[in-house]
Amino acid sequence: MTLRLYDTRRRVIEDFAPLNPGVVTMYVCGPTVQSAPHIGHVRSAVAFDVLRRWLTVCGYDVQHIRNVTDIDDKIIVNAQAQNVPWWALATSVTRLFHEAYAALNCLPPTGEPRATGHIGEMVALIQRLFDGGHAYAAGTDVYFDVKSHPAYGELSNQQLDDVQSSEDTGDKRDPRDFALWKGTKPGEPSWETPWGPGRPGWHIECSAMVTRYFGPIFDIHGGGRDLVFPHHENELAQSCAAGDPFARFWLHHGMINIGGAKMSKSAGNSMFVPDLLAGYRPQALRYSLVAPHYRSDSDWNDDVLDEADAAYSRIEGFITRASAEYGEPATDGPVPTAFADAMNDDLGVPAGLGVLHDVVRRGNTALAGGDEAAGRQALAEVAAMTMTLGLWPGDFDGGNDSALEKVVAEVVPALLEARQAARERKDYAESDRIRDALTAAGVVVEDTPQGPRWHVGTSG
RNA sequence: GGCGGGUUGGCCGAGUGGCUUAGGCAAGGGCCUGCAAAGCCCUGUACGCGGGUUCGAUUCCCGCACCCGCCUCCA
């Protein structure tokens, strides 16, 4: 079974094969670094991280680029409000994004270009549009002439006549034309161009950068569904008008809603990653983001993370017990066929998780029954599947206070020894007292035929 | 007004023209345990409403209702 993916432009699921055998070029729209990452930003990162991992498992060399938009109206406004230079805000917020991505075990992209590092490429592209009669200067701005490109609207399936005009008409010939370059204003950063000083329009950076790294045609362009129009539509228009075929597959993930409505800063219902990680471990957060299909909208509430933590703990518990029994498994072994089929079907992670849980149950049964061959097999499969989804527990270790960890590693076994002694003399009042004290401290104790086992966490 | 998505059992969330109708969480029963925890087994018979096609529809078609997204910055 070959990989099939839903393409937004053609509005159909199609067989995927890269332009150049063995190599997949994937460009994903990254954040505008104006304020801390919210849950929607990391959903995007996780969704494409899973795709990238799956393509890698399928044997492709994945060239994954995620841009950073480091110049924009809001960055300028927010920086002024905080009384810092625009580039200082962009840098510090970029750092917050990197921390969030790393916490959620997203592999770093192969390339991470910044808009301000590619002004020259943008100027060159705009010049090509001028040469082709698709761009014009109006006042200090430069605009793309939408009517000069008959295919305009093909990505979002809109007829030009149906596109509502925005209010900020400015000096445009047509209100639906969009800015390629914005003339400088007092107090704003600017760069010199043949059309005067100014800064980039929003869409031009992506077209310029993807061409810089991948050339005129590449395999996958991804982003959130809210980017389909106007951002991706405009990218496609300007690149095609300039003569570049551009993206072969357009992939868009669904939105995260809060209480049934879209999360937005103006509504004041944003969920920020640093806040969420203060209350939940990153494994639970990643599981909750991975679990729904990437193209589905997903409603977010307090229960989602609790449920994700419980479901993940089940998988994690098996890996812990089985690893103790059989040793650490390899994580690069083959995944079950049913799992591969699910992933190949437009990244059917929900069905894949069904397979994963089935194998966990099989593994638990094998573990309880002493069936080593079946247990080892299940562990290897679970390791491969969790690695594919970026949920391998070993990837989340670390970050704790190692000195405290050492203390706990000494103290807990000592207490458990005392408890075992009490149990042997059938002093259950004492043994339960010790266990209750450990539970209260967040240590879960499990008695097994091989003796007591413990871990930090909660239990049902 | 234009374009697109959704409505599944207590909750989340897949999916399918019928066959053994995912998976997780929660709930109840059982096994195991000194009691627990963890694990395993069993139970619950869901597909917004109205038509149509069909031997048979939650799944296809038509209509309706409600919800959501984009059309302005947005993951």
Side-chain angles (χ1 to χ4, degrees), chain A residues 8 11 28-32 34 37-48 69 72-74 77 153 156-168 176 202 222-231 233 252-257 260-266 270 287-288 291-293 295-299 301 303-304 306-315 317-318 320-321 338 342 345 348-358 360-369 423 426-429 431-432 435-436 439 444-449 452-455 458-460:
Chain A
T8 303
R11 292 179 286 286
V28 178
C29 273
T32 300
Q34 46 146 326
H38 62 231
I39 189 71
H41 289 121
V42 288
R43 182 188 194 183
S44 175
V46 166
F48 289 104
T69 301
D72 145 278
D73 293 357
K74 283 181 182 163
V77 170
S156 56
N157 193 29
Q158 308 256 2
Q159 299 299 311
L160 190 55
D161 291 343
D162 295 330
V163 176
Q164 283 185 2
S165 305
S166 65
E167 300 289 320
D168 66 333
R176 292 160 301 200
W202 177 31
R225 186 142 57 224
D226 54 349
L227 296 181
V228 173
F229 193 95
H231 184 50
E233 189 73 71
H252 293 97
H253 66 259
M255 299 289 99
I256 286 191
N257 299 146
K262 186 180 167 176
M263 178 172 61
S264 71
K265 292 213 180 72
S266 52
S270 296
Y287 187 97
S288 73
H293 186 90
R295 285 197 285 119
S296 299
D297 288 343
S298 168
D299 203 64
N301 57 60
D303 298 334
V304 169
D306 288 322
E307 216 178 88
D309 196 303
Y312 184 73
S313 295
R314 182 178 156 71
I315 298 163
F318 167 68
T320 302
R321 290 187 298 275
D345 183 12
V349 174
L353 283 175
V355 176
L356 174 54
H357 277 101
D358 286 341
V360 166
R361 178 179 305 106
R362 216 174 62 214
N364 278 324
T365 300
L367 218 42
R423 293 181 72 202
K426 301 217 188 308
D427 183 357
Y428 295 121
S431 71
D432 287 353
R435 186 173 60 194
D436 289 346
T439 303
V444 178
V445 178
E446 298 170 18
D447 291 322
T448 77
R453 221 196 304 271
W454 65 277
H455 67 272
T458 53
S459 63

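Worth knowing before you read on, the calculation uses all heavy atoms, side chains too, and leaves out hydrogens, waters and symmetry mates. Numbers restart at 1 for each chain; the letters A, B, ... are given by sequence-line order, proteins then strands.
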In terms of the nearest nucleotide of RNA chain B, which residue is placed more toward the 5' end: A:Val228 or A:Gly254? A:Val228

If you check every side-chain atom of A:Thr32, which of B:rG24, B:rG13, B:rA75 has the closest atom? B:rA75

Any heavy-atom pair between the side chains of A:Val46 and A:Arg43 that's under 4.5 Å? no

Base, sugar-phosphate, or nothing: which does A:Asp303 touch, judged by heavy atoms less than 4.0 Å apart? nothing

Nucleotide B:rU72, atom P - distance to CG of A:Asp72 in whole Å: 17 Å

Is A:Leu356 touching bases, backbone alone, or none of the nucleic acid, heavy atoms closer than 4.0 Å? nothing

Does A:Asn257 contact B:rG69 through a side-chain donor or acceptor facing the base, at a distance under 3.5 Å? no

Would you please test A:His455 and A:Thr320 for side chain to side chain contact (heavy atoms under 4.5 Å, CB included) and show each step? CA-CA 10 Å; A:His455 67 272; A:Thr320 302; over 6 Å; no

note: A:Asn301, atom CG; B:rC12, atom P; distance rounded to Å ~ 8 Å

Can you name the closest pair of heavy atoms from A:Ser156 and A:Phe229 and give their distance? OG-CD1, 3.3 Å

Given B:rA75, B:rG24, B:rA22, which nucleotide is nearest the side-chain atoms of A:Ala311? B:rG24

A:Asn364 side-chain proximity, nearest of B:rC25, B:rG13, B:rG39: B:rG39

Base, sugar-phosphate or nothing for A:His253? Non-hydrogen atoms, less than 4.0 Å. base

From A:His231, A:Lys262, A:His252, residue fulfilling side-chain contact (heavy atoms from CB on, under 4.5 Å) relative to A:Asp226: A:Lys262

Do you know the tightest heavy-atom contact between A:Asn364 and A:Arg321? OD1-NH2, 2.9 Å

Salt-bridge test for A:Arg225 and A:Asp297: reply yes if a basic N is under 4.0 Å from a carboxylate O, no otherwise. yes

Distance in angstrom units between A:Phe318 CZ and B:rC40 C1', rounded: 13 Å

Scan side-chain atoms only and decide if A:Asp309 and A:Ser313 contain a donor-acceptor pair under the 3.5 Å cut-off. yes

Please determine whether any donor N or O and acceptor N or O are separated by less than 3.5 Å between the side chain of A:Arg321 and the base of B:rG39. no

Would a 4.5 Å heavy-atom cut-off, applied to side chains only, mark A:Ile315 and A:His357 as touching? yes

In whole angstroms, how far is the P atom of B:rG13 from the OH atom of A:Tyr287? 13 Å

Nearest to side-chain heavy atoms of A:Phe229, which nucleotide of B:rC70, B:rA14, B:rA75: B:rC70

Can you confirm whether A:Ile256 sits close enough to A:His38 that some side-chain heavy atom of one is under 4.5 Å from a side-chain heavy atom of the other? no

Quick note, A:His38 side chain, CB onward, closest among B:rG23, B:rG13, B:rA75 is B:rA75

Measure from the side chain of A:Asp226, starting at C-beta and using heavy atoms only, and say which of B:rC70, B:rC71, B:rC12 lies closest. B:rC70

Heavy atoms under 4.0 Å, any strand shown: does A:Gly224 hit a base, just sugar-phosphate, or nothing? sugar-phosphate

So what does A:Asp432 touch, heavy atoms closer than 4.0 Å: a base, only the sugar-phosphate, or nothing? base

State which of B:rA36, B:rC70, B:rG34 makes the closest approach to the side chain of A:Lys262. B:rC70

Looking at side-chain heavy atoms only, is the closest gap between A:Arg176 and A:Leu160 below 4.5 Å? yes

Using modelled atom types and a 3.5 Å cut-off, is there a donor and acceptor pairing between side-chain atoms of A:Gln34 and backbone atoms of A:Lys74? no

Report the secondary structure of RNA chain B in dot-bracket form, marking unpaired bases with a dot and bases paired to a different strand with |, and treating Watson-Crick or G-U pairs with both distances under 3.5 Å as paired. (((((((..(((.....[....))).(((((.......)))))....(((((..]....))))))))))))....

Does A:Asp447 get its side chain close enough to the base of B:rC35, under 3.5 Å, for a donor-acceptor pair? yes

Would you kindly give the NZ-to-P distance between A:Lys426 and B:rC35, to the nearest whole Å? 11 Å

At under 4.0 Å between heavy atoms, how does the protein contact nucleotides 2-9 of chain B? Give one character per nucleotide, 5' to 3', with B, S or -. BSS-----

Nearest-nucleotide check on RNA chain B, A:Ala291 vs A:Thr448; residue mapping nearer the 5' end is A:Ala291

Over how many whole Å does the gap from A:Asp345 atom CG to B:rG15 atom P extend? 8 Å

Consider the side chain of A:Arg423, meaning its heavy atoms from C-beta on, and name the nucleotide among B:rC35, B:rG23, B:rG13 that approaches it most closely. B:rC35

Value in whole Å for how far the C1' atom of B:rU20 lies from CG of A:Asp358: 14 Å

Kindly indicate whether the side chain of A:Arg453 and the base of B:rA38 share any N or O donor-acceptor pair separated by less than 3.5 Å? no

Side chain of A:Leu227 - closest among B:rG69, B:rA75, B:rG34: B:rA75

By the 4.0 Å heavy-atom rule, please label A:Gly223 as base, sugar-phosphate, or nothing. sugar-phosphate

Which of the following nucleotides, B:rC71, B:rA37, B:rA75, is nearest to the side chain of A:Val163? B:rC71

